[in-house]
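Below, chains carry the letters A, B, ... as their sequence lines are ordered, and counting in each starts from 1. Note that these values count all heavy atoms, side chains included, but never hydrogens, waters or copies made by symmetry.
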Amino acid sequence: MEKTVLIEKLKVIIEPYIQDEDAFKNLTETTDFVKDLKINSANLVDIILDIEDAFDIRLENEDMEQMLNVKAAIEIVQSKQNSK
Amino acid sequence: MIGNDIVCLSTANRSKHIGSKRFLDKIFTVEEQVMIVNSEDPNLIIWKLWAVKESAYKLFVQQGFQPEFAPKKIICKKANEHFQVSMDNFKTSVDCIANTKFVYAQTILEKSKVISSCFELDSNIYYNQSQQVSLALKKNASLFFQIDVRLIQLNKAKNNIPKLSYKNTFLPVNVSLTHHGSFGAFAVVLA
């Protein structure tokens, strides 16, 4: 999947959980889920599970540990899709 | 050093996946899952354990743990009224209280007196909520040290660790702040 398409799909998933609208509007690859978007860590697991469903992949706990920003999320989703 | 965490139950229970096997497997050890499924109010135990893990995590980061999102690595065991929490070589004891509206967890290394407060927030805007919690903390520090509240600053040091300073000098306290949904809390202890 193309990176831009992937980012758009990711944005739809995370939007319900963001608490900083401006950071969301200006989302880039370096945007951090917690520090920038102010997503509560309690919601990170919801996002991880939504990503699993949307991309039809399964994320291991080691993957989850790395998923702190948009770039890391994209890389992990891409590598999971490529290894399918 | 001090760590705290508040969970607003009405906000937290909006979680789409709460209680599902996949949700539990991502966050909780087998032993913790047993605690949850044997409870009369599984959601409450889920958020209690969550707040306990989160507050311990904040403490461990201050002790040098490198930030990562690995809730399952933080292991909680119930010990009387407390939770014994460990992650790698880090260990701490966490207190947790709950009512019908929120869950609050707190852990402290120092033996000195702690001031902490949980309260309902006036605004539902994230930035204003952060400001309210920060101001409540500063007012307490101002009373304690008898200094002008307007000259107290709250900054985030490395790894997002909060620090209070007065006229550009760190105050000799450790602090922790938290807010979620409609509730906020701060805790402060002499370093």
### Query
How many angstroms lie between CD1 in A:Ile18 and OH in B:Tyr126, if you round to the nearest 0.5 Å?
12.0 Å
### Query
Atom OH of B:Tyr127 and atom NZ of A:Lys38: how far apart are they, to the nearest 0.5 Å?
10.5 Å
### Task
Let me know if B:Lys72 has heavy atoms under 4.5 Å from chain A in its side chain, its backbone, both or neither.
side chain
### Message
Is it the case that the side chain of A:Asp46 and the backbone of B:His17 share a donor-acceptor pair, with hydrogens and angles ignored and the cut-off at 3.5 Å?
### Response
yes
### Query
Can you check side chain to side chain contact (heavy atoms under 4.5 Å, CB included) on B:Tyr57 and A:Ser41, steps first, answer last?
CA-CA 12 Å; B:Tyr57 173 80; A:Ser41 52; over 6 Å; no
### Message
For the CG atom on B:Asn89, are there more than 12 heavy atoms of other groups (residues, nucleotides or ligands in this structure) within a distance under 6.0 Å?
### Response
no
### Query
Where do B:Trp47 and A:Ala42 come nearest, in terms of heavy atoms and distance?
CZ3-CB, 3.7 Å
### Message
Grouping I, L, V, M, F, W and Y whenever their side-chain heavy atoms are under 4.5 Å apart, do B:Ile2 and B:Val133 come out in a common cluster?
### Response
no
### Query
Under 4.5 Å between side-chain heavy atoms, hopping through other hydrophobics if needed: is there a path connecting B:Ile6 to B:Phe119?
no
### Task
Could you walk me through whether B:Arg22 and A:Asp53 pass the side chain to side chain contact (heavy atoms under 4.5 Å, CB included) test, one step at a time?
CA-CA 11 Å; B:Arg22 285 161 67 210; A:Asp53 293 340; 2.9 Å; yes
### Task
Select, from A:Val34, A:Asp50, A:Asn43, the one with the greatest count of heavy-atom pairs under 4.5 Å involving chain B.
A:Asp50
### Pair A:Val45-B:Phe69, side chain to side chain contact (heavy atoms under 4.5 Å, CB included): steps then yes or no
CA-CA 10 Å; A:Val45 176; B:Phe69 185 61; 3.8 Å; yes
### Message
Looking at A:Lys71, I'd like to know if its NZ atom is crowded, meaning that more than 12 non-hydrogen atoms belonging to other residues, nucleotides or ligands lie closer than 6.0 Å.
### Response
no
### Task
Drop me the distance from B:Lys16's NZ to A:Tyr17's OH, to the nearest 0.5 angstrom.
4.0 Å
### Query
Which bit of A:Leu68 is near chain B, if near means a heavy-atom gap under 4.5 Å: side chain, backbone, both or neither?
side chain
### Message
Is there a continuous path of hydrophobic side-chain contacts, each under 4.5 Å between heavy atoms, that joins B:Val189 to B:Val175?
### Response
no
### Message
Under 4.5 Å from any heavy atom of chain A, what part of B:Asp5 do you find: side chain, backbone, both or neither?
### Response
neither
### Query
Mind checking whether B:Pro71 and A:Met64 have side chains closer than 4.5 Å, heavy atoms only?
yes
### Task
Please check if atom NZ in A:Lys11 has more than 12 non-hydrogen atoms from other residues, nucleotides or ligands closer than 6.0 Å.
yes
### Query
Under 6.0 Å from the NZ atom of B:Lys101, do we count more than 12 heavy atoms belonging to anything else shown?
no
#### Entry: Smallest separation among heavy atoms of B:His179 and A:Asn40, with atom names
O-ND2, 4.1 Å
### Query
Does any heavy atom of chain A fall under 4.5 Å from the side chain of B:Lys73, the backbone, both, or neither of them?
side chain
### Task
Determine the option with the most heavy-atom pairs under 4.5 angstrom with chain B, choosing from A:Glu21, A:Lys35, A:Met67.
A:Lys35
### Query
Quick one: what part of A:Asp20 sits under 4.5 Å from any heavy atom of chain B, side chain, backbone, both or neither?
neither
### Query
For the side chain of B:Lys26 and the backbone of A:Leu59, is there at least one donor-acceptor N/O pair under 3.5 Å apart?
yes
### Message
If I measure from the heavy atoms of chain A, does B:Ala12 come under 4.5 Å with its side chain, its backbone, both, or neither?
### Response
neither
### Task
Spell out, yes or no, whether A:Ile47 and B:Val7 are grouped together once hydrophobic residues are joined by side-chain heavy atoms under 4.5 Å, including indirect joins.
yes
### Query
Is B:Asn38 atom CG crowded by more than 12 heavy atoms from other residues, nucleotides or ligands, each under 6.0 Å away?
yes
### Query
Within a reach of under 6.0 Å around CZ of B:Arg150, are more than 12 heavy atoms found that belong to other residues, nucleotides or ligands?
no
